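Just so you know, these numbers come straight off a predicted model, no measurement behind them. First the proteins, then the strands, lettered A, B, ... as listed; each starts at 1.
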Number of protein chains: 2
Amino acid sequence: MSSDAPGFELPLRLLLAFRVLIDELHDELARQGHPDLRPMHGFVMQAIGPRGTTAVELGRMLGVSKQAAGKTIDTLERLGYVERTTDSHDTRRKITRLTPYGMDALTRSARIFDDLRARWADELGEDRLHALEADLRRLTPDGLWRLDTPGWFGSL
Amino acid sequence: MSSDAPGFELPLRLLLAFRVLIDELHDELARQGHPDLRPMHGFVMQAIGPRGTTAVELGRMLGVSKQAAGKTIDTLERLGYVERTTDSHDTRRKITRLTPYGMDALTRSARIFDDLRARWADELGEDRLHALEADLRRLTPDGLWRLDTPGWFGSL
DNA sequence: CCATATAGTCAATCAGGTTGTCTAACATGT
DNA sequence: ACATGTTAGACAACCTGATTGACTATATGG
């Protein structure tokens with residue numbers, strides 16, 4: 001029993017492992033022509049998706065207000081990752097879509113994540129990594145994105 | 001090969017697993033008399049430790065400026081988790097120490113994390129959880145705290 | 001046709017981070 | 001002993017990303 005790890009190690013390691021992956025992703029993305037991309041941009045662009053979305057929808061998905069979602073879109077627009085187009089069926093709506101540059105970032109991210117997973121598979125063995133993924137799936141809810149992580153973690 | 005999980009699932013699951021633990025910790029802490037405690041408070045108090053620390057030291061440990069560390073201490077002081085005392089050997093320094101209320105939060109957190117780990121051990125089996133911890137240890141650097149997660153993740 | 005609901009924007013505010021500057025106190029070398 | 005350099009903390013100005021509230025324009029449904 002005394003050989004069990006203390007309970008506080010688990011969350012620390014989970015967070016650290018996440019950071020390792022994300023940091024290495026962005027190191028590589030910077031090398032591949034996306035030096036300005038930040039951790040949460042990938043999440044936001046993933047939420048926008050290939051079909052585009054609106055500020056209100058994005059806010060719901062990210063768990064933030066539509067105004068905050070709008071500001072995030074402003075930033076991504078300024079960086080050239082997304083563009084706003086008007087919905088011809090509802091002129092109130094402005095559909096935010098990924099630009100080719102944004103799509104490029106997403107496809108490169110997917111590729112890099114696959115490479116990083118392969119490195120972990122080399123390190124642990126494919127069977128152990130597979131088990132790790134299966135265990136994490138059992139321990140985490142499905143389908144939930146919860147992209148409000150910055151505010152969630154930081155709010156004092 | 002095609003049965004391998006896509007690379008992007010791993011970071012998502014790691015972050016989600018972290019959130020599950022932290023959210024359940026704070027649900028329980030709220031029930032046990034610490035409703036105002038936020039995710040990063042625990043990390044900061046852990047960094048302060050039983051012997052206390054100064055704003056400069058805390059800033060170094062957390063990877064933020066001494067001013068930011070000072071503001072964080074202000075917040076924890078306002079909530080009653082820490083108090084500032086002067087160092088008799090160096091009157092420039094103000095040692096920030098945990099109050100009994102702060103110590104209580106830390107000991108309860110440790111206990112709750114142990115309980116959560118036990119629940120995961122029930123879910124997966126102790127051997128699988130042990131393997132998961134061992135694998136995460138292999139994949140993450142040791143000794144590093146890096147508490148700048150909010151800014152790190154959020155900065156657009 | 002009017003009442004209500006929704007999309008987006010603007011403005012004010014807040015929290016937490018940054019850098020720069022300043023003062024007080026320690027540490028050191030001549 | 002003292003002049004110099006370094007360190008701790010506080011204060012101010014500013015930046016970013018979030019919030020709520022108010023407002024306009026456009027749909028939508030009775």
Side-chain angles (χ1 to χ4, degrees), chain A residues 36-45 47-48 51-79 81-97 145-156, chain B residues 36-45 47-48 51-79 81-97 145-156:
Chain A
D36 295 326
L37 213 56
R38 295 271 150 257
M40 83 164 307
H41 293 163
F43 285 71
V44 174
M45 289 197 289
I48 291 171
R51 311 188 29 190
T53 188
T54 67
V56 169
E57 267 179 24
L58 188 61
R60 282 192 216 285
M61 285 188 281
L62 267 52
V64 298
S65 65
K66 62 180 181 178
Q67 293 92 332
K71 288 189 192 182
T72 302
I73 292 172
D74 288 343
T75 304
L76 287 174
E77 193 174 28
R78 185 170 44 76
L79 291 174
Y81 288 107
V82 304
E83 58 191 357
R84 284 183 166 101
T85 61
T86 54
D87 184 343
S88 53
H89 297 295
D90 183 343
T91 59
R92 290 172 307 175
R93 291 158 50 95
K94 295 189 179 174
I95 314 287
T96 296
R97 288 202 174 76
W145 274 81
R146 303 299 294 151
L147 267 282
D148 54 343
T149 304
W152 162 78
F153 192 80
S155 66
L156 286 175
Chain B
D36 295 326
L37 212 58
R38 296 271 149 257
M40 82 164 307
H41 293 163
F43 285 72
V44 174
M45 288 196 291
I48 291 171
R51 313 189 26 193
T53 188
T54 68
V56 169
E57 268 179 23
L58 187 62
R60 282 192 215 285
M61 285 189 280
L62 268 52
V64 299
S65 66
K66 62 180 180 178
Q67 292 90 336
K71 288 189 190 180
T72 302
I73 292 172
D74 288 343
T75 304
L76 287 174
E77 193 175 26
R78 186 171 42 78
L79 290 173
Y81 288 107
V82 304
E83 58 192 356
R84 283 181 167 101
T85 62
T86 54
D87 184 343
S88 53
H89 297 295
D90 184 343
T91 59
R92 291 172 307 175
R93 289 158 50 94
K94 294 190 180 173
I95 315 287
T96 296
R97 288 202 174 76
W145 275 80
R146 304 298 293 151
L147 268 281
D148 54 342
T149 303
W152 162 79
F153 191 80
S155 67
L156 285 175

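Summarising the geometry, the separation between CG on B:Leu58 and P on D:dT7 is reported as 19 Å, rounded to the nearest angstrom. Between the CG atom of A:Asp87 and the P atom of D:dA27 there is a distance of 9 Å, rounded to whole Å. Counting to the nearest Å, the C1' atom of D:dG9 and the CD1 atom of B:Ile95 are 12 Å from each other. Rounded to whole angstrom, the span from the CZ atom of B:Arg93 across to the P atom of C:dA25 amounts to 15 Å. Atom CZ of B:Arg78 is separated from atom C1' of C:dG16 by 12 Å (rounded to the nearest Å). Look at CD on A:Glu57: it is 11 Å from C1' on C:dA7, rounded to the nearest Å. If you measure from atom CD of B:Gln67 to atom P of D:dC15, you get 17 Å, rounded to the nearest angstrom. Summarising the geometry, the separation between NZ on A:Lys66 and P on C:dT6 is reported as 10 Å, rounded to the nearest angstrom.
Annotation for A:Arg84 and A:Lys94: closest pair CD-CD, 4.3 Å, computed over non-hydrogen atoms. When all heavy atoms of A:Leu58 and A:Ala47 are compared, the pair lying nearest together is CD1-CB, 3.9 Å.
Taking side-chain N and O atoms only, B:Ser65 has no distance below 4.0 Å to OP1 or OP2 of C:dG16. Distances shown here put every side-chain N or O of B:Thr72 at or beyond 4.0 Å from the OP1 or OP2 atom of C:dG16. Residue B:Lys71 places none of its side-chain N or O atoms closer than 4.0 Å to OP1 or OP2 of C:dT18. Between A:Thr91 and the phosphate of C:dA7, there is no side-chain N or O to OP1/OP2 separation shorter than 4.0 Å.
Two residues, A:Ala69 and B:Gly70, neighbour DNA chain D, and the one matched to the more 5' nucleotide by heavy-atom proximity is B:Gly70. Both A:Asp74 and A:Arg92 lie close to DNA chain C; mapped to their nearest nucleotides by heavy-atom distance, the more 5′-ward contact belongs to A:Arg92.
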CA sep, side-chain torsions, deciding dist, call: A:Leu37, A:Met45, side-chain contact (heavy atoms from CB on, under 4.5 Å): CA-CA 11 Å; A:Leu37 213 56; A:Met45 289 197 289; 3.8 Å; yes
Residues A:Thr53, A:Met61; criterion side-chain contact (heavy atoms from CB on, under 4.5 Å); working and verdict: CA-CA 10 Å; A:Thr53 188; A:Met61 285 188 281; 3.7 Å; yes
Steps toward side-chain contact (heavy atoms from CB on, under 4.5 Å) verdict (A:Thr54, A:Ile95): CA-CA 5 Å; A:Thr54 67; A:Ile95 314 287; 4.0 Å; yes
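At the heavy-atom level, A:Ala68 lies under 4.0 Å from base atoms of the strands shown.
Residue B:Thr75 has its side chain nearest to C:dG16 when only C:dA7, D:dG9, C:dG16 are considered. Among the nucleotides D:dG17, C:dA7, C:dT18, the one closest to any side-chain atom of A:Arg60 is C:dA7.
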